[in-house]
Amino acid sequence: MSYNFKQIENKWQRYWSDNNTFKVNNNSDLPKFYVMDMFPYPSGAGLHVGHPLGYIASDIFSRYKRLKGFNVLHPQGYDSFGLPAEQYAIQTGRHPKETTEENISRYREQLDRLGFSFDWSREIRTSNKDYYKWTQWMFIKLYESWYDYEKNQARPIKELILIFENEGNKKINACCDDGLELFSSKQWHSFSEFEKTKILLGYRLAFLSEIDVNWCPKLGTVLANDEIIDGLSERGGHEVVRKKMTQWSIRISAYSQRLLDGLEDIDWPEPLKEMQKNWIGRSDGAMVSFDVEKFEDKIEVFTTRVDTIFGVTFMTLAPENPLVRKITTQENMKSVDDYIKKSAKRTERERMSDVKSISGVFTGAYAIHPFNDEKLPIWISDYVLAGYGTGAVMAVPCGDQRDYNFAKFFNIPIKNIFLDKDISKEAFGNKDGFVLSNSDFLDGLNFKDGLALAIKKLNDLKKGVHKINYKLRDAVFSRQRYWGEPFPVYYKNDMPVMIEKDYLPVTLPDVNKYLPTEDGKPPLGNSDEWAWDTVKNKIVKNSLIDNKTVFRMELNTMPGWAGSSWYFNRYMDPKNNTNFASKDALNYWKEVDVYVGGSEHATGHLLYSRFWQYFLYDLELVPVKDYAKKLINQGMILGNSAFIYREVGTDNYYSKTIEKDVKFQLVHVDVKYVNTNDELDIEGLRNWQPQFKKATFEKKDGKFLVKREVEKMSKSKYNVINPDQICNDYGADTLRLYEMFLGPIEQAKPWNTAGISGTFSFLKKFWNLSHKSGELSVNYEKPSKESLKILHKTIKKVEEDINNFSFNTSVSAFMICVNELTSLKCNNAEIIKTLTVLLSPFAPHICEEVWSKLGNKESITFQSFPLFNPEFIKESSIEYPVSFNGKMKFKIMLDSSNTADEIKTNISNDERLEKYLNGREIKKIIAVPGKIINIVC
RNA sequence: GCUUCGGUGGCGGAAUUGGUAGACGCGCUGGAUUCAAAAUCCAGUUCUUUCGAGAGUGUGGGUUCGAUUCCCACCCGAAGUACCA
């Protein structure tokens, strides 16, 4: 029997599990190395071949680092709270906990078949109460902290209270923008407890406030900005509308600048950093204050172009701006009111899809230009966003295309402040290549100087300041869902109170149904045991609420990103019950050295978790600021979908490229009924779905061909390839190698099962190096020079490639190596032993088998990675290509130790030179030792 | 629109600081083995060709003895983002 992958893989998977081979200790003299994958959400569909791509890469790297003598932490867990389990619960009434557990065990089975070296003793699940106890604890920490903009870090709220008691909030507010009303220390002391609580909420990092949220009626919950794609919910693609609600938020905006700066210190993919930069959206500009005629109120605007301030001809407010109703004149009230109502009704999606049409109304009020006291009409329009800046803009039609279009549409004057620039057709929006004119004291200046002078003058008048604005919004932290972490919060006089740490976790109550209550409360409102007894310090029946000792609990739960924002710290010490991780464990493992996962989390998890770690770092709860030094984004493996042509309204299907004068529509068919030549198994299809049972299929030239298209791999597209199937047919080692061989790890690439035979036969050839007719057959003599050369060439290449995460080229290197050794008929034990260790990170099962057959008792896991010896690949003579003017003509054998001059002398003596010179004169000979000779003529 | 990444055979993809373009694998063609098939092995496989050679890495230009690689302009594709003032 030759290479029996089934038996081998079973044997070694059992061996690793029985011997706890991959269990890792927190106490070790070895240097540490931490390799982590983004933990999966255990969905009901199970894994397809795309999922393990990143896990295979990280596993190869982990196994490589073990061979290199590191103490490697390579854990895995589950992000097990989330929407799909809850949607399923709504449909079936089954507890999400049950279905989640089933999904997890299916995931585990699939993962185990691939031979990963995870330390499963450290498994974590975000939905376990021992885990979310600490998520709740950290939420309390966020609640009990405020952001000190002067020191630029989070500090305990107790210290803020001390400051308020001593000096009020004057100094604090001076350095932050969303400052609240000023009060003195005396006033602070005079406030009631209720008022104090309310004021403090304005400073806490976790706070409760009434805000505009993205409400998804279909899902019955709010969503964060990153959970909305194209104005529709990421999950399910439902409509999202704006709505005012009282919600928990996290003050991530306080960390905008640090999150931006921190990108410099981490080795993350450039495109991903770019996405985070855009999301944070820093823009440097000024805050300008415009007086409003006949009112005390001022309009604050944010602008990046103060230099164009003399080009302002009107002001525009967002319809939601609270000032609008106040300043609108009587005769304009009706049209303004109608406009506000109309735009409030529009969904985000409508607003977005309707970018081009111009709309707005005049309020009848006027603002006053800060420098020349000109009257500027105040308009409202929904091209101004309430959520960005101050929800108001100073409109400069000559310099901004939107303002320009608006002015043209409503016949508002356009003033040209750019010297000799034509603005009759469009605005001049460039920041360079112009000189200001018509601009009073700014005349003759360029962008940079104009900007500086305008800000200075505004400063003098106390009408404007330099200001940096960020797009990054505070993150909404409440979800109206069941399957998430409950808040450790109860309400006393409608003000939130945190449940003390000693009584955590606050466990999720059971409910009889998972939908919102009749009166629209979140699902937790269905529980009749969700009240907090402040005497017994435990959850009690709702009927006991008396608002004296028993209080109502928070009904919302936390969002999916809560649990995933800190899980990398928990792996270090996952069973700790007195702390989220011990100081010793945190100090030993510090941070993740290599983090592998998809770039789709760029502006979600990967931003939130950075923020969360900064916060923990500020409170000195973790020893490092950045939790992941290096990040690798694995690309998606795409499916190769199959379609057949159906005549619209009939059950007639046609082969591809058939010519028929009828209307076709494309119908997905399961790829398992299509062979590698794109031919459809019609009989199989008939049994697949009833609609095909009696359908007619018209072939072309005796064949029924499908149309192929590359799409995302998904159950609904019937293009899913299951890794279990591949493991059955070819084995896990082949699958691992093939997934790596497909192409660069970070690139998206289509799956094509046909190509897998290449890696499969590679493993068979590797097996046959040491086996003859099923028996071990090796020689123990001294290895030949040639075989050593092949081996060391491979060691060098493979090690370089692993360090560059270029696994596709290292698989190629192995193939070349085995092919060459095979043609040498090399079955030398020493060579095979070394090669086996080298290959073991990629194909661990077969390597363990060969390794043990060669007489080794220990697992190959902790052997030493082979040392590359350059002596073996040294060549005394090399074939040099000789080219004329860069065109290769012939080859010449020369000594590799020759200097450039010696090479030149040698080439001059070669008789072939004459022939190729063909009478031309040599101008120059370029020789690079070991590489190339070029003759310029 | 903006930002980022990419464009190389029939296909997936290689190519160190600019130095033999197409490694490796799939597919295809021919051959060996076989009663036959599968499996395996060997040879070939960018295109054109008068078999000398010529052209060739999205297009056009530039730098260089020499460009897939560097520079400029453009075309196409993917991802992200968007009335962001």
Side-chain angles (χ1 to χ4, degrees), chain A residues 2 229-230 269-279 281-283 285 288 301-305 308 316 318 351-352 354-358 381-385 387-396 399-403 405-406 429 469-471 599-600 602-603 633 635-636 676-677 737-738 741-744 746-762 764-765 768 797 800 804 806 808-817 819 822-823 879-891 922-928 930-937:
Chain A
S2 59
I229 314 268
D230 291 337
E270 220 35 67
L272 190 127
K273 285 189 184 180
E274 207 57 46
M275 278 163 71
Q276 291 208 345
K277 272 182 205 164
N278 291 339
W279 193 262
R282 177 190 153 113
S283 58
V288 186
V301 302
F302 174 74
T303 175
T304 53
R305 296 295 304 272
T308 64
T316 318
R351 264 196 172 194
M352 279 169 60
D354 189 25
V355 168
K356 277 175 201 89
S357 73
I358 296 164
S381 172
D382 63 7
Y383 86 82
V384 178
L385 302 175
Y388 184 73
T390 57
V393 300
M394 57 174 228
V396 184
D400 182 287
Q401 196 57 44
R402 287 156 312 172
D403 296 345
N405 295 344
F406 195 84
N469 208 30
Y470 301 92
K471 272 195 269 182
S599 62
E600 67 271 22
T603 53
N633 281 140
M636 230 187 306
T676 48
N677 295 326
L737 280 166
Y738 186 56
F741 183 69
L742 273 176
E746 68 277 6
Q747 210 170 83
K749 54 225 158 219
W751 177 266
N752 174 15
T753 306
I756 204 167
S757 60
T759 43
F760 187 52
S761 62
F762 158 72
K764 281 190 283 193
K765 283 184 216 164
N768 288 335
K797 174 80 177 140
E800 277 170 9
N804 293 326
S806 174
N808 55 330
T809 49
S810 37
V811 176
S812 295
F814 280 120
M815 289 177 171
I816 295 168
C817 176
N819 281 344
T822 305
S823 61
E879 209 172 30
Y880 283 72
V882 180
S883 56
F884 290 75
N885 293 337
K887 294 249 183 288
M888 218 279 285
K889 295 294 179 187
F890 63 94
K891 288 176 183 175
I922 296 176
K923 284 192 185 137
K924 201 162 58 168
I925 297 177
I926 296 158
V928 182
K931 266 190 179 171
I932 194 148
I933 302 163
N934 188 36
I935 296 166
V936 184
C937 47

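Here is how names work: the chains are called A, B, and so on, in the same order as the sequence lines, proteins then strands, and each is numbered from 1.
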| query | Has A:Tyr388 got a side-chain N or O lying under 4.0 Å from the OP1 or OP2 atom of B:A85? | reply | yes
| request: For side chain to side chain contact (heavy atoms under 4.5 Å, CB included), just list the numbers for A:Leu742 and A:Gln747, CA-CA rounded to whole Å, side-chain angles, deciding distance to a tenth of an Å, and then say yes or no. | output: CA-CA 10 Å; A:Leu742 273 176; A:Gln747 210 170 83; over 6 Å; no
| field | Atom C1', compared across B:C5 and B:G58: separation rounded to whole Å | value | 16 Å
| If the P atom of B:G22 is compared with that of B:G9, how far apart are they to the nearest Å? | 14 Å
| task | Please tell me if the side chains of A:Met394 and A:Asp403 come closer than 4.5 Å, counting only heavy atoms from C-beta onward. | result | no
| task | Using the P atoms only, state how far B:A53 lies from B:A21, rounded to an integer number of Å. | result | 15 Å
| said: Given B:U81, B:C84, B:U4, identify the nucleotide with an atom nearest to the side chain of A:Trp279. | reply: B:U81
| remark: Taken to the nearest whole Å, CG/A:Leu272 to C1'/B:G80 is 10 Å
| query | Could you give the CZ-to-C1' distance, from A:Arg282 to B:C2, as a whole number of Å? | reply | 19 Å
| field | Of the listed nucleotides B:G25, B:A14, B:A85, the one nearest the side chain of A:Met815 | value | B:G25
| query | Of A:Ile926 and A:Ile816, whose closest RNA chain B nucleotide lies nearer the 5' terminus? | reply | A:Ile816
| remark: Applying ring-ring contact (aromatic ring centres under 6.0 Å, His included) to A:Tyr738 and not counting sequence neighbours gives A:Trp751
| said: Say we look at B:A55 and B:G77: how far apart would their P atoms be, to the nearest angstrom? | reply: 32 Å
| query | Who passes side chain to side chain donor-acceptor pair (under 3.5 Å) against A:Ser883, sequence neighbours left out? | reply | A:Asn934
| query | Should A:Asn819 be listed as having a side-chain N or O under 4.0 Å from OP1 or OP2 of B:G25? | reply | yes
| request: Please report, rounded to the nearest Å, how far the P atom of B:G1 is from the OH atom of A:Tyr383. | output: 22 Å
| query | Of all residues at least two apart in sequence or in a different chain, which pass the salt bridge (charged side-chain N to carboxylate O under 4.0 Å, His left out) check with A:Lys273? | reply | none
| request: Under the side-chain contact (heavy atoms from CB on, under 4.5 Å) rule, collect the residues that match up with A:Ala748, sequence neighbours excluded. | output: A:Leu638
| Pairing residues for A:Glu800 by the salt bridge (charged side-chain N to carboxylate O under 4.0 Å, His left out) criterion, not counting sequence neighbours | A:Lys796
| query | In which stems does RNA chain B show up, taking only runs of three or more Watson-Crick or G-U wobble pairs whose two distances fall under 3.5 Å? | reply | B:1-7 with B:75-81, B:10-12 with B:24-26, B:27-32 with B:40-45, B:46-48 with B:53-55, B:58-62 with B:70-74
| Over how many whole Å does the gap from A:Lys764 atom NZ to B:G25 atom P extend? | 14 Å
| Gap in Å between the two C1' atoms, one belonging to B:A14 and one to B:U8, rounded | 10 Å
| said: Among B:C83, B:U40, B:U20, which nucleotide has an atom closest to any side-chain atom of A:Pro881? | reply: B:U20
| query | Is there a donor-acceptor pair closer than 3.5 Å between any side-chain N or O of A:Asn469 and the backbone N or O of A:Ser283? | reply | no
| message | Less than 4.0 angstrom between a side-chain N/O of A:Lys277 and OP1 or OP2 of B:U3, yes or no? | response | no
| query | Below 4.0 angstrom from OP1 or OP2 of B:C84, is there any side-chain N or O of A:Arg402? | reply | yes
Listing time: all N or O pairs from protein to nucleotides 10-12 of chain B that are below 3.5 Å?
| residue | atom | partner | partner atom | Å |
| --- | --- | --- | --- | --- |
| B:G12 | O2' | A:Leu742 | O | 2.7 |

| remark: Per atom distances to the A:Thr809 side chain, the nearest of B:A15, B:A39, B:A85 is B:A15
| field | Residues forming a side-chain contact (heavy atoms from CB on, under 4.5 Å) with A:Lys924, sequence neighbours excluded | value | A:Ile926, A:Val936
| field | Same-atom distance (P) from B:U33 to B:A67, integer angstrom | value | 49 Å
| said: Ring-plane angle category for A:Phe762 and A:Phe814, please: parallel below 30°, perpendicular beyond 60°, tilted otherwise. | reply: tilted
| task | Could you state the atom-to-atom distance from CG of A:Asn768 to P of B:C41 in whole Å? | result | 9 Å
| said: Between C1' on B:G66 and CD1 on A:Ile933, what's the gap in Å once rounded to a whole number? | reply: 14 Å
| query | At under 4.0 Å between heavy atoms, what does A:Ser757 touch on the DNA or RNA strands: base, sugar-phosphate, or nothing? | reply | sugar-phosphate
| query | Nearest to the side chain of A:Lys765, which nucleotide is it out of B:G19, B:C41, B:C84? | reply | B:C41
| Only one of A:Leu385, A:Asp400, A:Thr316, A:Thr303 clears side chain to side chain contact (heavy atoms under 4.5 Å, CB included) with A:Val393; which? | A:Thr316
| Which part of the nucleic acid does A:Lys891 contact within heavy-atom distance under 4.0 Å: base, sugar-phosphate only, or nothing? | base
| Could you give the NZ-to-C1' distance, from A:Lys887 to B:A55, as a whole number of Å? | 9 Å
| remark: With syn defined as a glycosidic angle within 90 degrees of 0 and anti as anything else, the base of B:G10 is anti
| note | Comparing A:Thr303 with A:Val936, nearest RNA chain B nucleotide closer to 5' gives the residue A:Val936
| field | Inter-nucleotide P distance (B:A82, B:C71), Å rounded | value | 31 Å
| So what does A:Asn808 touch, heavy atoms closer than 4.0 Å: a base, only the sugar-phosphate, or nothing? | sugar-phosphate
| message | Which nucleotide wins on minimum distance to the side chain of A:Ile932, given the candidates B:U40, B:G19, B:A85? | response | B:G19
| said: Say we look at B:A79 and B:C72: how far apart would their C1' atoms be, to the nearest angstrom? | reply: 26 Å
| request: List in chain and number order the residues that pass side-chain contact (heavy atoms from CB on, under 4.5 Å) with A:Ser761, two or more places apart in sequence or in another chain; answer none if no residue qualifies. | output: A:Lys764
| said: Whole angstroms only, please: what is the CD-C1' distance between A:Glu270 and B:G6? | reply: 16 Å
| said: By the rule that syn is within 90° of 0, classify the base conformation of B:G54 as syn or anti. | reply: anti
